[in-house]
Amino acid sequence: MNQLDINEQLKLRFARPLGDFDARRVVVWHDPDGEFEEDFDKLAAEGFDGAGVADEVMPAGGGFPRDLRFLKAEEGVMFLAKKLIARDDVENDILLYRKRGKGKVEGDWLADVELYAESFQADRFSLLATELGASNVDAVRDALRGFQGYFASKARIKKFHDCMPEPSSVEDVEVGVLAALLGAAGPEDASVGFIVRGYMRSLLKCRENPADAFDPFAKYGADEALSNFVARKTGFTGALGEPSSLEALASHVLVSAASFVLPDGALSGLERCISKQHAPFCLSIVRDWDRSEGAADLYEVARIVEESCGLPARFAGLPLDDIVDCDVFPCINEAILGGLMVSLADGADRAEEAHRVCARRKDLAWHNYVACYFDALDAAASLCDFRREHAGGFHVAQAKEVWRAYETDWYRADSFYRHLCHSFELCKTKPRPALEGPLRSVVGWAENLYSNWYIEGVNACWENAASSQWASAGYIEGVPRERRFYWEVLPSCKGSAKNAVVVISDALRFEVAAQMARVLERERGSVVALSSMQAVFPSVTEFGMAALLPQRDLSLDWETGAVFANGMPTATTSQREVVLRATAADARALRVEDFLDLPAEERKALVKGASVVYLYHNKIDSTGEKIATEDDVFKACADEIDSLCALARRLTSEVQGCQVTITADHGFLYTRGELRECGSLDKGDMPLSPVVAGKRHIVARADDAEWAESIGDPASTLFVEMNMSDVSGGRYTGLAPHRAIRIKQPGGTRNYVHGGLTLQELCVPVLSFRRVRSGAKGFQDTQAATIRVLSESRRITNSLFNVSLLQEEPAAGKVLPCEYELVFLDSSGNEVSDVVKAHADLTSDNPQDRVIKVRFSLKAGCSFISKEAYYLVARDKSSGVQVWREKYRIEVAFAPVDDFGW
């Protein structure tokens, strides 16, 4: 601010334009203590800026539009002064000096002059009030004087002015000083909520010595103001600078806030911490705090209150419906998660409750702290749903129909299990001691369900249906084969596209590709198709990579294990390119990493110049086949989805009309639990003849006499026979352990395996992806999932209320999930409720499953007029754009304890 200057202030007064009906300006200089009498006498003798005075009148000019008379009203000359002002000089401006304060008009000769004249006080705080733009100088001046120590510094005056530009009342000054001492940055911080949460944050930072938080207020005479302010607004009357102040104040504010949304009796025994009268405002403090940059401090404060008030045990003992809508305390999430996880692990079918709670809590505070735990619960509930849907087991007679059942439905259990395990690993990076036991229990339950019911049941059905065709032909009829990929599958994917890119992801199994397809379907103009083909046996990289090439003949070198296509080696990328070029001279083969290292123009030229490009990526298999990283295989799957989707987008963006096909050489089996002894085969179970064996397959020479004899051994009942007559002219035959049984081998992994005949290993995805230009035939744009108000009533009669919303379409395909913010506004656009979130990400086709319930609380301190219009507004959270608003009436008989708004 500029330095305070009496002369400048007076000059500004007289330079202002007159009112419409005024002929001159009369300013009364009130100086009750006479401390500025000499200054007035000097002006009366010399004028402003030495302009000179004749007969007590300074001539106009130098910014003064009229002549200015200097007049001192003293005892003994009051009549003359009044006569001069009223009769003798009615044209000139007048500066009237008086040794008395404003407002004392009783018995005053000049009372009428006081009523119509302007008042000026030259004391420091009057000038300061004027400089601050106060509309009520007298009220503000007295309030400023109460904080003399604070306003002794220009820097502190500036901080006050930054957050309270135009104070008009005692409370404005009080709020401005308290907010400035707490680091307010602007007018938006000059609020009750900022002050209360700001002081709690200061106490948190000074927890070792709370006096350090309180002393600055005492230093500037604001300690009493702070205490009275907090008491008025929250009902807390305890000390603010004691060692227990943080715990006491935070407990009062947070428990009072929770009492507003919890049912009566839920907080019985904690009445000492509750002010029902102030509970709505306390809830507003918490909600606004959670939306501010200091939300991490609120989390820590809430944890302190939870411990001091014994809340975790209390909430764990309450019914789910009593606490599901309360988000004041983080431990409520833990109580909900723990209870549902334990129930599922104990065999209770609470899947519907779990899904509902996961969707509801996603829109409330603290969800991000335990999001991975909610993801784990949701995945476990989905497995529970799957178990209920297939309670009768898996009974399909035809092998082709088993395959169709897997690629349309049964694969979902693999996906649920993968998400559960991946979430479990993420939970290890965000430990919550209260949830470790329940989480391990539900994961153990899911492990047993997946391994002993699903994997066993699905693959027993598969073996029973397919084993006769495996023994006679080595594949099942009616399902595309990996051996025919180049000749039959790829042409159907490519269609009329000029450029085709085949991305081969080692061990990308079908359920992972299904998720990838859902991601790519969200692209503008994308056309996505997902199908499958049966991998070659054994389902290992050497055979699978060779089978994907243009070959008529596969052969195996018994001594080295190398696999040849049309007599050519296929172990490396360059060798595979040779095989490709033997059929298509312009074909190319590269590793994805090498392809992406090329400059954009070279990549574009490479794809355009080739009839087909094979790109190889090895993230999943390279992770799963190492002992140190096999338990990270599901994380690798998530990473692979991101990587391959990004690659597909880049390819179709750089080369217009490019067709991308994503496939794999084989799938895999993975179970995180330790295998039972009966789940493994050892050396004594193996055939007598020399063989080539992996953890899930055996290959032997069909012409070996000892092998032929071993087929009749009792040990052969442990295996499924696989015809390999199309490899090396029928020199070999194969065996695979039943279902998910592993073959014991020294070293290597045990939980991650492949090579056998389970659906998870054999069902290879074929995902095709292309883009259609905007405006072209078949183009489909994306759109955000929309919500609308489902509740019929547009009348609010309670300060805490629910609104039902309908997500109008499933969030699938080109309809993208969207997060909305909803809030009630008055006709001027001011928020009159808390801001709530609503995720429009539900995928069910049933509209009843897409009903979203949100809970609002009206802001304490707002005055609602029943005849005025209020609006429920929905904003897209990512863009802030308002998408719709609905008109409401608010008729709430709510009388605030105090004026909570400013």
Salt bridge or not between R13 and E118? Use side-chain N to carboxylate O under 4.0 Å. yes
Would you please say whether a donor-acceptor pair under 3.5 Å links the side chains of D876 and Y820? no
Salt-bridge present (D108, R100; N to O < 4.0 Å): yes
Q9 and E131, any side-chain heavy atoms less than 4.5 Å apart: yes
Looking at side-chain heavy atoms only, is the closest gap between V873 and F824 below 4.5 Å? no
Can you run down the side chain to side chain donor-acceptor pair (under 3.5 Å) pairs that involve residues 49-60, sequence neighbours left out, and say none if there aren't any? K11-D49
Could you give all pairs that pass the salt bridge (Lys or Arg N to Asp or Glu O under 4.0 Å) test and reach residues 878-889, with sequence neighbours left out? R794-E886, R889-E891
State which residue, out of V823, V803, V854, fulfils the side-chain contact (heavy atoms from CB on, under 4.5 Å) condition with V836. V854
For the rings on F160 and F151, is their centre-to-centre separation under 6.0 Å? yes
Under a 4.0 Å N-O cut-off, is there an ion pair linking E91 with R25? no
Residue pairs fulfilling salt bridge (Lys or Arg N to Asp or Glu O under 4.0 Å) with at least one residue in residues 60-81, sequence neighbours excluded: E37-K72, D41-K72, R66-D93, R69-D89
Using a strict cut-off of less than 4.0 Å between a Lys/Arg side-chain nitrogen and an Asp/Glu carboxylate oxygen, indicate whether K276 and E271 qualify as a salt bridge. no
In terms of side-chain geometry, is the basic nitrogen of K99 or D31 positioned less than 4.0 Å from the acidic oxygen of its partner? no
Which heavy atom of D212 sits nearest a heavy atom of C206, and at what distance? CB-SG, 3.8 Å
Is there a side-chain contact between K82 and F79 (heavy atoms, below 4.5 Å)? no
Just by distance, with hydrogens left out, do H252 and E247 show a side-chain donor and acceptor under 3.5 Å apart? no
